[in-house]
Amino acid sequence: MVLGELAPALRKVSSDPAVLGLIELLEEWPENSSTAEDLRQSVERYIGNTWIASTREHETVYSLWSAFRDHCIVGRSGMSMKERLYCFSLLEAWDRASNEQVRVLLQQKVDFTSPSSS
């Protein structure tokens with residue numbers, strides 16, 4: 001599962017306001033400056049601090065998130081940059097990038113470097 005598939009999958013699972021908030025967080029990530037690790041921390045905190053009314057929906061939401069997290073965030077060390085960009089649904093943004101500076105910012109989102117270390 002890639003990031004662009006996660007939000008639609010979550011929408012199919014639940015219309016609970018907590019799940020809709022999680023979907024919003026996921027959909028905003030490609031446009032903000034946070035990294036993959038920031039996303040992991042934010043989502044884990046969000047899921048841990050919100051109440052999803054249905055236990056079954058909560059389990060399904062966490063299972064979907066865990067599958068994405070384990071493959072795309074935890075597993076990214078074994079991926080090429082293109083694979084990482086694909087996992088985070090940033091490949092089109094990479095191809096559309098108007099200059100190298102935009103590509104560096106995209107790379108920092110999915111890499112192990114932080115903007116301050118560049």
For E59, the salt bridge (Lys or Arg N to Asp or Glu O under 4.0 Å) test, sequence neighbours excluded, returns none
With rounding to the nearest 0.5 Å, note down the distance linking [atom1] in [X] to [atom2] in [Y].
X	Y	atom1	atom2	answer
L85	S80	CG	OG	8.0 Å
S66	E44	OG	CD	6.5 Å
R56	S63	CZ	OG	13.5 Å
K12	L64	NZ	CG	10.5 Å
L39	Y46	CG	OH	13.5 Å
L26	S89	CG	OG	10.5 Å

Measuring only between side-chain heavy atoms, which start at C-beta, is [X] closer than 4.5 Å to [Y]?
X	Y	value
Q108	L105	yes
R11	I23	yes
L90	P30	yes
V102	W94	no
V110	T35	no
W65	R40	yes
S54	D16	no

Which atom names give the shortest non-hydrogen contact between [X] and [Y], and what distance separates them?
X	Y	result
V19	S14	CG2-OG, 3.6 Å
D111	R84	OD1-NH1, 2.9 Å
H71	M79	O-CE, 3.0 Å

What do the steps show when you test R76 against E83 for salt bridge (Lys or Arg N to Asp or Glu O under 4.0 Å), and what is the final call?
CA-CA 8 Å; R76 77 185 187 273; E83 289 170 318; over 6 Å; no
Name the orientation class of the two ring planes belonging to H58 and Y62 (parallel below 30°, tilted from 30 to 60°, perpendicular beyond 60°).
parallel
### Query
Would you call the rings of F88 and W29 parallel, tilted or perpendicular if under 30° counts as parallel and over 60° as perpendicular?
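Tilted, since the angle between the ring planes falls between 30° and 60°.
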Next on the checklist: With a 3.5 Å distance limit and no angle check, can you tell me whether E5 reaches the backbone of V2 through a side-chain donor-acceptor pair?
Outcome noted: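 Side chain of E5 to backbone of V2: a pair is present.
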Quiz item: Backbone N or O of N32 within a donor-acceptor pair of the K109 side chain at under 3.5 Å?
Solution: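 It does hold such a pair.
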